[in-house]
Undergrad: 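Mind looking over this structure? Questions follow.
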Protein chains: 2
Amino acid sequence: MAGTNTDLVIQLRQAILFQRIRTIPELSRVLSASFPTVKKHLDLLIAHGEIDEQVSELSNGGRPAKQYQYRAEYAQGLALYLELDAIGFQIFDAVGTNLSFGTEPVEKNQPHVPALIRLIHRLLEQNPHISFLSVGVAASVENGQVFFAPDYPSLQQVDLKGVLASQFDVPVVVENDMNAAVIGFHEGHQRSQQSLIYLYLGKNGPGSGILINGQLVRGSSHFAGEISVVPQYDKKTFGQAIARRQTALDPQTIDAISRLTTTFAATLNPHLLIFNGSEVTEHDLEQIRSKTAEYIPEAHIPLLIRSHWETDYLNGLTRLGLQLLTEQPLSANRRTSS
Amino acid sequence: MAGTNTDLVIQLRQAILFQRIRTIPELSRVLSASFPTVKKHLDLLIAHGEIDEQVSELSNGGRPAKQYQYRAEYAQGLALYLELDAIGFQIFDAVGTNLSFGTEPVEKNQPHVPALIRLIHRLLEQNPHISFLSVGVAASVENGQVFFAPDYPSLQQVDLKGVLASQFDVPVVVENDMNAAVIGFHEGHQRSQQSLIYLYLGKNGPGSGILINGQLVRGSSHFAGEISVVPQYDKKTFGQAIARRQTALDPQTIDAISRLTTTFAATLNPHLLIFNGSEVTEHDLEQIRSKTAEYIPEAHIPLLIRSHWETDYLNGLTRLGLQLLTEQPLSANRRTSS
DNA sequence: ACTACTTATTAAAATATTTTAAAAAGTAAA
DNA sequence: TTTACTTTTTAAAATATTTTAATAAGTAGT
């Protein structure tokens with residue numbers, strides 16, 4: 001198309017969708033492009049059905065700027081997450097609103113990939129507007145390929161993104177569960193350039209997702225965040241120290257978590273440490289905070305907060321899917337029904 | 001000046017100086033700008049005396065591309081680093097080659113800032129080509145301001161960058177010593193997007209510098225890398241565990257370092273862990289490696305290597321100074337002698 | 001030495017973007 | 001309600017960048 005800067009189109013979509021910037025003057029500033037250029041590309045997106053224009057009432061002194069926003073109906077995405085005995089899913093629209101969700105059981109010892117493909121087939125038929133997929137797995141993933149999946153032997157070394165993309169001919173993103181969760185939390189809280197760590201204690205050992213300056217830390221061998229093996233006591237790692245805990249956390253567990261908090265504070269010094277709200281109480285957090293203060297000056301302790309893990313996980317998958325949507329070239333991003 | 005894209009000028013300088021890209025076709029690819037645009041801005045830089053053009057002999061099939069390189073004589077920088085009882089310095093040219101160096105004693109209990117200013121005054125007079133300053137301190141620094149400097153009470157809360165910049169009217173950068181060291185190592189080894197951690201055991205407690213995906217980790221309260229307080233044993237932190245070591249490392253120290261290595265591998269999973277070559281031997285590294293393998297699978301252990309700390313530190317300061325040089329607007333980056 | 005091939009450079013035309021100035025659409029106060 | 005002021009939007013002119021085609025300068029093989 002004449003006069004189309006693909007890069008700028010992508011940046012526009014992302015600024016409108018993720019940074020919630022709504023007016024041309026602001027878009028112009030944020031993307032450092034001129035008013036006419038921004039307008040021209042917005043017109044393109046409007047013509048393409050991706051964006052809506054609205055006259056607004058709000059003003060800050062002079063003529064109020066028109067508001068531009070992403071059209072929820074433009075596309076739909078499907079997020080799926082693998083569990084040991086089931087596959088959960090959620091369908092969402094182009095602004096990330098949840099439309100429906102459900103779970104599909106997977107037989108014990110049955111491989112996940114065929115079940116996943118069957119489920120996607122069914123959902124795509126029932127819902128022809130779905131145009132991109134986002135998949136979460138509790139395994140280490142690089143560029144859509146599953147590397148190391150101790151809990152899912154049938155996924156080991158599978159190029160999940162490749163398999164699904166060629167099978168369904170839509171954009172696909174595959175991500176580790178903890179990474180998706182930090183991304184989801186980050187998205188929901190608009191803490192753009194901060195560093196966050198998401199902590200999951202887990203039944204079969206803990207895990208974490210790490211975001212530094214807004215960037216995921218994956219590690220050289222996809223091992224980043226595998227905090228279970230961190231040595232903490234003469235004869236115990238973090239994983240061993242918290243293994244015998246009950247639902248109500250005992251002092252030993254509190255101490256182990258405090259030591260881990262100290263370790264993070266003394267290495268990455270993040271702004272925020274996020275706990276799974278169903279694993280720790282507010283009272284636990286207070287205890288962790290005061291115990292941590294015995295190891296390190298309070299000024300350096302990250303903010304300790306609870307969040308809803310599954311929500312964050314799904315938000316992360318949604319966000320990754322939408323990211324995919326924004327990166328599509330113009331006029332190639334719809335599954336045409338013809 | 002007509003038709004000058006300041007951003008592109010900066011990118012050109014950095015690509016030529018730091019990435020060692022020498023031909024227009026390559027510059028064009030790397031900066032994703034067209035041949036004519038790159039050529040036009042290069043001509044500007046040549047006219048300005050920053051860059052030299054050379055015809056080259058090398059060819060890869062067709063007409064050989066002209067080679068462009070930064071002119072060493074274009075400018076000089078001064079790097080200074082504060083020690084408890086002295087200030088070290090180094091003068092270097094625009095491609096980072098060391099021209100001269102030395103140290104200036106500072107009296108016990110005398111404040112560092114006046115001594116630093118006197119020294120810079122003297123060096124600038126002796127060497128009028130110096131046009132930018134780079135200062136290293138063993139303290140936490142943010143945006144040129146010294147935050148927390150337990151070893152240098154006279155620096156506490158001083159806006160060192162502001163003071164020097166207004167006093168000498170040249171660009172100034174101030175950085176923490178460990179951060180400068182990782183930057184220096186990274187620069188010298190061209191490992192562009194990898195994650196590195198520089199470990200310094202130290203006489204008065206250890207420290208580290210952390211680089212993730214080529215980005216410095218500073219932390220929310222400038223505490224990143226303060227590994228001394230990491231809990232490692234029932235009753236000992238890393239700092240305490242290595243405090244009583246001799247020049248030859250004992251098994252306890254080796255174990256503590258191995259635990260720290262494990263901790264880093266299980267959180268950031270970096271590619272490389274760099275030790276101060278004058279603090280550990282190759283044999284120590286082997287022991288650390290095999291001890292670490294008792295805590296974590298070998299595949300995830302970072303590469304352990306020794307490097308020369310002071311060289312890396314100075315290279316880092318040099319690099320930061322040159323970075324400053326590349327960021328200057330055109331024709332405002334020379335201390336004119338008129 | 002000639003020919004075919006490869007790659008770099010230059011120049012001109014085609015496009016795209018920014019800048020500037022003018023017009024439009026609002027607010028707020030006299 | 002008018003006037004002064006702000007801010008957005010549009011349109012035109014000025015600039016900047018990319019694309020295209022032509023030219024230059026080399027290599028390698030015959």
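Every heavy atom of this structure was used, including side-chain atoms; hydrogens, water molecules and symmetry mates were not. Numbered from 1 within each chain, the chains take letters A, B, ... in sequence-line order.
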Undergrad: Write down the distance between NZ (B:K66) and P (C:dT7), rounded to a whole number of angstrom.
TA: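 It is 19 Å, rounded to the nearest whole Å.
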Undergrad: Taking the six-membered ring for Trp, is the centroid-to-centroid distance between A:F18 and A:Y70 below 6.0 Å?
TA: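 Between A:F18 and A:Y70, the centre distance exceeds or equals 6.0 Å.
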Undergrad: Give, for atom CD of A:Q69 and atom CG of A:L17, the distance between the pair rounded to the nearest 0.5 Å.
TA: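 Interatomic distance, A:Q69 CD to A:L17 CG, rounded to 0.5 Å: 11.0 Å.
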Undergrad: Just how far is it from atom CD of A:Q90 to atom OG1 of A:T318, taken to the nearest 0.5 Å?
TA: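 The CD atom of A:Q90 sits 4.5 Å away from the OG1 atom of A:T318.
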Undergrad: Check the phosphate of C:dT10 against B:K39, side-chain N and O only, distance under 4.0 Å to OP1 or OP2. Yes or no?
TA: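 The answer is yes; a side-chain N or O of B:K39 sits under 4.0 Å from OP1 or OP2.
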Undergrad: Whole-Å distance between C:dT17 P and A:I24 CD1?
TA: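 Answer to the nearest Å: 15 Å.
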Undergrad: Any luck finding a side-chain donor-acceptor pair between A:E187 and A:N315 under 3.5 Å?
TA: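 Their side chains do not contain a donor-acceptor pair, so the 3.5 Å distance test is not met.
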Undergrad: Check this one for me: any side-chain N or O of B:T37 less than 4.0 Å away from OP1 or OP2 of D:dT18?
TA: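 Yes, within the criterion.
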Undergrad: Output the single nucleotide from D:dT19, C:dA8, D:dA11 whose closest atom is nearest the side chain of B:R63.
TA: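 Closest of the options to the side chain of B:R63: C:dA8.
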Undergrad: Once you round it to whole Å, what is the distance between P of C:dT10 and CG of B:L42?
TA: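 To the nearest whole Å, that distance equals 12 Å.
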Undergrad: Do any side-chain nitrogens or oxygens of A:N5 fall under 4.0 Å of OP1 or OP2 in C:dA16?
TA: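 A:N5 to C:dA16 OP1/OP2: no side-chain N or O under 4.0 Å.
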Undergrad: Tell me which of A:V38 and B:F35 sits closer to the 5' end of DNA chain C, going by the nucleotide each one is nearest to.
TA: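 Looking at DNA chain C, the more 5' nearest nucleotide goes with B:F35.
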Undergrad: Counting side-chain heavy atoms from CB outward, which of D:dT17, C:dT17, D:dA25 is closest to A:H41?
TA: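 Ranking D:dT17, C:dT17, D:dA25 by closest atom to the A:H41 side chain puts C:dT17 first.
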Undergrad: Could you state the atom-to-atom distance from CG of A:L44 to P of C:dT17 in whole Å?
TA: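 Rounded to the whole Å, the gap is 11 Å.
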Undergrad: Choosing from C:dG26, C:dA11, D:dA24, which nucleotide comes nearest the side chain of A:P64?
TA: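 Selected nucleotide: C:dG26.
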Undergrad: Check every atom of C:dA11, C:dA8, D:dT8 against the side chain of B:P25 and return the nucleotide holding the closest atom.
TA: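 Selected nucleotide: C:dA8.
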Undergrad: Rounding to an integer number of Å, can you tell me how far A:L31 CG sits from C:dA16 P?
TA: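 For the pair A:L31 CG and C:dA16 P, the rounded distance is 19 Å.
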Undergrad: Of all the nucleotides listed (C:dT18, C:dT10, C:dA8), which has the minimum atom distance to the side chain of B:A65?
TA: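 The answer is C:dA8.
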Undergrad: Expressed in angstrom and rounded to an integer, what is the separation of A:R29 atom CZ from D:dT7 atom P?
TA: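 Interatomic distance, CZ of A:R29 to P of D:dT7: 12 Å.
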Undergrad: Expressed in angstrom and rounded to an integer, what is the separation of B:L8 atom CG from C:dT18 atom P?
TA: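 After rounding, the reported distance stands at 14 Å.
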Undergrad: Roughly, in whole Å, what's the span from CD in A:Q67 to C1' in D:dT9?
TA: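 Distance, rounded to whole Å: 15 Å.
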Undergrad: Looking at D:dA16, I'd like to know if its phosphate oxygens (OP1 or OP2) sit under 4.0 Å from a side-chain N or O belonging to B:K40.
TA: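 Result: no.
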Undergrad: What are the two closest non-hydrogen atoms of A:S131 and A:P171, and how far apart are they?
TA: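 Closest approach of A:S131 to A:P171: O-CD, 3.4 Å.
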